[in-house]
Protein chains: 2
Amino acid sequence: MENITIKVLASRLNLSATTISKALKDSYEISEPTKQRVRALAAELNYTPNTYARSLRTRKSETIAVVLPEIADHFFALVINGIESVVREMGYHVLIYLTHEDYEREKEILQYIKNGRIDGLLISITKNTITSDHIAQLEQENIPVIFFDRIIEQLQVPKVVTNDFESSYQATEHLLNCGCKKIGVCTIFADLELSKQRIMGYKQALKDNHITIDVDQVLCCTEDDKTYDQIYHKLQSVNRPDGLIAIVDKLTLPIYQACENSGLRIPEDLKVISFSNNPSASILNPSLTTISQPAFLIGQAAARLLINSLGPKYEQVQQDITIIPSELIIRTSTSLTNR
Amino acid sequence: MENITIKVLASRLNLSATTISKALKDSYEISEPTKQRVRALAAELNYTPNTYARSLRTRKSETIAVVLPEIADHFFALVINGIESVVREMGYHVLIYLTHEDYEREKEILQYIKNGRIDGLLISITKNTITSDHIAQLEQENIPVIFFDRIIEQLQVPKVVTNDFESSYQATEHLLNCGCKKIGVCTIFADLELSKQRIMGYKQALKDNHITIDVDQVLCCTEDDKTYDQIYHKLQSVNRPDGLIAIVDKLTLPIYQACENSGLRIPEDLKVISFSNNPSASILNPSLTTISQPAFLIGQAAARLLINSLGPKYEQVQQDITIIPSELIIRTSTSLTNR
DNA sequence: ATTATTTACTTTATCGTTAACGTAAATAAT
DNA sequence: ATTATTTACGTTAACGATAAAGTAAATAAT
């Protein structure tokens with residue numbers, strides 16, 4: 001079957017290839033009757049332009065890459081939904097790359113996508129990303145980059161995040177209001193800016209409420225396969241918390257399991273709040289109080305920023321940070337109980 | 001900043017562009033010393049080939065598209081993980097397109113990606129996809145297509161699915177073994193082949209156990225916003241089931257909520273099994289008995305089939321179906337209770 | 001010693017599209 | 001009536017890579 005190219009259309013209509021190209025772009029240089037003939041034949045033969053030829057010529061691919069740690073995570077899935085909603089409207093395409101929290105893999109990917117292929121990049125770094133050269137390099141090649149959620153603070157690149165500090169502060173105050181005396185916080189991503197912010201928010205809330213900060217109540221589970229044990233151990237200890245903030249959704253499972261297995265009752269013995277977007281939070285037993293992050297909106301905002309920066313004017317995107325607030329959704333896991 | 005192309009390398013080394021190209025491909029036509037010089041300079045200048053130029057010439061893009069209804073669904077997220085694991089190994093790239101269960105959107109997307117851009121397609125159709133012309137058309141353009149999970153039975157295209165019939169049969173027998181007398185089944189995707197298979201499996205199990213099939217126990221919730229009401233209503237009725245099979249994960253939430261709100265106890269009053277890959281199944285209360293689909297393996301198998309069909313030999317992929325079995329994971333929601 | 005083959009390249013053409021520039025005919029301006 | 005401008009196209013070249021075909025020099029075969 002013959003490949004339908006612009007040349008085929010041209011020879012059939014006794015026009016030049018350029019004229020076809022211009023006609024299909026609705027250029028003012030082409031007369032209306034000619035445009036109609038061209039469009040009619042293009043439709044009849046089901047012509048679609050060859051992406052590669054076009055991109056080679058125009059140096060635009062209408063394709064962006066999304067690089068992120070994980071997709072089987074409701075937060076990131078929702079972010080992608082947000083990105084897709086914008087990208088679709090703008091007629092762009094999305095390449096997805098998963099790092100699986102592997103820093104080396106992240107560097108590989110960025111190397112991979114450098115030449116051609118993408119017009120811009122949305123990225124959420126791995127928990128181990130320590131340098132930013134691989135990202136800065138893309139910028140040097142004039143590929144705009146936007147960070148979302150997991151950012152590198154120092155890099156002069158637009159960022160879209162939630163109000164990590166404030167929402168953690170708010171969560172801590174909520175636990176205090178529920179009568180908690182010893183509040184702990186737990187993370188698995190010690191080095192991420194968002195973890196630091198959330199822990200700072202927690203500490204600030206304690207400080208503002210004149211409560212001494214006990215470093216022992218900040219639990220960093222950095223080794224994946226020991227997370228459960230560390231939590232279980234903590235909840236068994238004499239110095240166990242009576243309120244716990246989980247900085248990531250992934251901690252919900254081990255926390256609930258550790259309580260189940262150690263006989264601790266939620267919320268009677270331990271009140272729990274988790275940063276989470278998981279819809280099953282409402283049918284857990286007890287239902288889980290969450291800080292629900294605006295994942296969809298983060299995706300949208302990041303995608304808009306990126307696509308705007310690809311526009312014709314190319315005004316150097318100002319180095320800025322977009323903050324979209326999270327929402328505290330109070331459920332049973334922090335219910336008041338009389339003891 | 002000058003763009004590093006093959007020509008730049010060529011002029012710097014006093015070689016022709018073709019020689020550079022061949023050297024970088026480790027062609028036998030180029031001498032070892034020359035290859036080394038070329039590789040050294042390429043590395044020094046951080047050369048990466050222009051994807052579009054290459055794809056235009058070779059008619060290969062090393063890119064596949066994945067078209068699927070939804071990403072914020074643990075099953076599909078795991079499928080993507082599986083796909084990514086294979087694609088990554090093979091050096092391919094993945095474009096993601098979401099249909100959001102919109103059939104028109106699905107057609108648009110396929111039109112969209114027709115020319116150039118992708119070498120092959122992995123697709124799981126929307127709940128409303130009734131014709132297959134848009135898919136057959138891609139095949140005509142020599143773009144191989146593989147179905148996964150949600151297939152069109154009639155289309156002569158390789159398919160990767162789980163054992164829908166058998167696992168549903170097995171689930172039904174499990175409920176019978178737990179003493180259920182009136183087993184219901186519930187779906188939101190009446191027209192999908194997988195729904196039909198699962199319902200057939202359920203019916204066959206009843207038949208084989210000499211139980212009359214009551215069509216009233218097959219609940220099709222086709223309108224999204226009425227799902228909860230229909231389930232609630234069903235569970236309130238005189239003819240309510242004492243065992244329920246949920247054909248998709250999305251039904252877990254409304255079923256648990258309806259039980260909560262109507263005072264039905266799981267598993268005492270109603271035993272529940274759901275097709276689900278959601279990790280929170282184990283911390284629901286009661287924990288949920290699931291048929292866990294091999295999502296990751298489905299993704300891998302589909303991706304392998306596709307990429308193999310892109311290979312040089314291009315032996316017409318046999319019209320076949322790959323079936324990867326699901327696993328019944330028994331938890332508390334189907335525990336035996338004495339009544 | 002002559003021819004055949006191999007080695008290591010180069011030249012040319014092309015993938016499909018579009019940017020840049022060119023031009024004949026028609027229309028408008030003076 | 002002459003020049004200027006506009007309209008509606010066409011020609012050429014190029015994006016960067018590679019397939020196809022060509023070639024000089026070196027080596028092997030007879």
Side-chain angles (χ1 to χ4, degrees), chain A residues 1-39 41-42 45-63 113-119 141-142 312, chain B residues 1-39 41-42 45-63 113-119 141-142 312:
Chain A
M1 201 188 54
E2 190 193 18
N3 216 359
I4 307 297
T5 70
I6 243 176
K7 287 182 192 166
V8 174
L9 300 186
S11 76
R12 294 239 199 158
L13 294 174
N14 264 323
L15 291 168
S16 75
T18 303
T19 303
I20 305 293
S21 174
K22 286 177 182 167
L24 292 171
K25 290 209 152 41
D26 203 21
S27 159
Y28 68 95
E29 286 180 86
I30 308 298
S31 71
E32 198 50 47
T34 302
K35 281 183 192 171
Q36 281 174 18
R37 287 202 305 146
V38 171
R39 279 195 287 250
L41 187 66
L45 300 182
N46 204 2
Y47 166 78
T48 39
N50 181 301
T51 316
Y52 298 114
R54 174 179 282 178
S55 292
L56 178 58
R57 195 70 247 262
T58 61
R59 306 178 160 286
K60 293 259 171 277
S61 60
E62 264 101 52
T63 303
I113 60 181
K114 243 183 41 197
N115 208 331
R117 194 149 250 148
I118 63 157
D119 294 346
E141 307 243 352
N142 283 319
Chain B
M1 201 188 50
E2 190 191 18
N3 215 1
I4 307 298
T5 71
I6 240 174
K7 286 181 193 166
V8 174
L9 300 185
S11 77
R12 293 239 200 159
L13 294 174
N14 263 323
L15 291 168
S16 75
T18 304
T19 303
I20 306 293
S21 173
K22 287 177 178 165
L24 292 172
K25 293 209 151 38
D26 203 21
S27 160
Y28 68 94
E29 288 180 86
I30 307 299
S31 70
E32 197 49 49
T34 303
K35 281 183 192 171
Q36 281 174 19
R37 285 203 306 146
V38 172
R39 280 195 286 252
L41 187 65
L45 300 183
N46 205 2
Y47 165 79
T48 41
N50 182 301
T51 316
Y52 295 113
R54 174 180 282 176
S55 293
L56 178 60
R57 194 70 246 262
T58 62
R59 309 181 155 284
K60 293 259 170 276
S61 61
E62 264 103 53
T63 303
I113 61 182
K114 243 183 42 196
N115 209 331
R117 197 151 245 148
I118 63 159
D119 294 347
E141 307 243 351
N142 282 319

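Lettering of chains follows the sequences in order, A, B, ..., and the numbering in each one begins at 1.
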By the Watson-Crick or G-U definition, both distances under 3.5 Å, C/dA13 is matched with D/dT18
G-U wobble or Watson-Crick pairing nucleotide for D/dA28 (cut-off 3.5 Å, both distances)
C/dT3
Remember a base hit wins even if backbone is also touched, and classify [X] as base, sugar-phosphate or nothing at under 4.0 Å, heavy atoms.
X: A/Lys7; result: base
X: A/Leu15; result: sugar-phosphate
X: B/Ser31; result: sugar-phosphate
X: A/Lys25; result: sugar-phosphate
X: B/Ser55; result: nothing
X: B/Ser16; result: base

Between [X] ([atom1]) and [N] ([atom2]), how many Å, whole number?
X: B/Asp26; N: C/dA8; atom1: CG; atom2: C1'; result: 15 Å
X: B/Glu29; N: D/dA25; atom1: CD; atom2: P; result: 19 Å
X: B/Ile6; N: C/dT11; atom1: CD1; atom2: P; result: 15 Å
X: A/Ile20; N: D/dA8; atom1: CD1; atom2: P; result: 16 Å
X: B/Lys22; N: C/dA8; atom1: NZ; atom2: P; result: 12 Å
X: A/Ile4; N: C/dC15; atom1: CD1; atom2: C1'; result: 16 Å
X: B/Arg54; N: D/dA17; atom1: CZ; atom2: P; result: 8 Å
X: A/Leu56; N: D/dA17; atom1: CG; atom2: P; result: 9 Å

Out of [options], whichever nucleotide has its closest atom nearest the side chain of [X]:
X: A/Thr19; options: D/dA17, D/dC9, D/dA20; result: D/dC9
X: A/Thr5; options: C/dT17, C/dT18, D/dA17; result: C/dT17
X: A/Ile30; options: C/dT18, D/dC9, D/dT18; result: D/dC9
X: A/Thr34; options: C/dC9, D/dC9, D/dA17; result: D/dC9

Find out whether A/Tyr47 and A/Ile20 are in side-chain contact, i.e. whether some heavy atom of one side chain is under 4.5 Å from a heavy atom of the other.
no
If we only count heavy atoms from C-beta on, is the A/Leu24 to A/Lys35 side-chain gap below 4.5 Å?
no
Can a donor-acceptor pair be found, under 3.5 Å and without considering hydrogens, that links the side chain of B/Thr63 to the backbone of B/Ser61?
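Looks like yes, one N/O pair under 3.5 Å.
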Between A/Tyr28 and A/Ala17, who's closer to the 5' end of DNA chain D by nearest nucleotide?
A/Tyr28
Here the pair of heavy atoms bringing A/Ala23 nearest to A/Arg39 is O-NH1, 4.4 Å
Compare every heavy atom of A/Asp119 with every heavy atom of A/Glu62, then report the nearest pair and how far apart it is.
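Answer, listing the atom of A/Glu62 first, then A/Asp119: N-OD2, 2.8 Å.
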Does [N] have OP1 or OP2 under 4.0 Å away from a side-chain N or O of [X]?
X: B/Arg57; N: C/dA13; value: no
X: B/Asn50; N: D/dC15; value: no
X: A/Tyr47; N: C/dT17; value: yes

Over 12 non-hydrogen atoms of neighbours within 6.0 angstrom of CZ in B/Arg37
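Yes, the 6.0 Å shell around CZ holds more than 12 heavy atoms from other groups.
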Both B/Arg59 and B/Glu32 contact DNA chain C. Taking the nearest nucleotide for each, which residue is further toward the 5' end?
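Closest to the 5' end, via its nearest nucleotide, is B/Glu32.
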Check whether the side chain of B/Thr18 and the base of D/dA19 form a donor-acceptor pair under 3.5 Å.
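Side chain to base: pair present.
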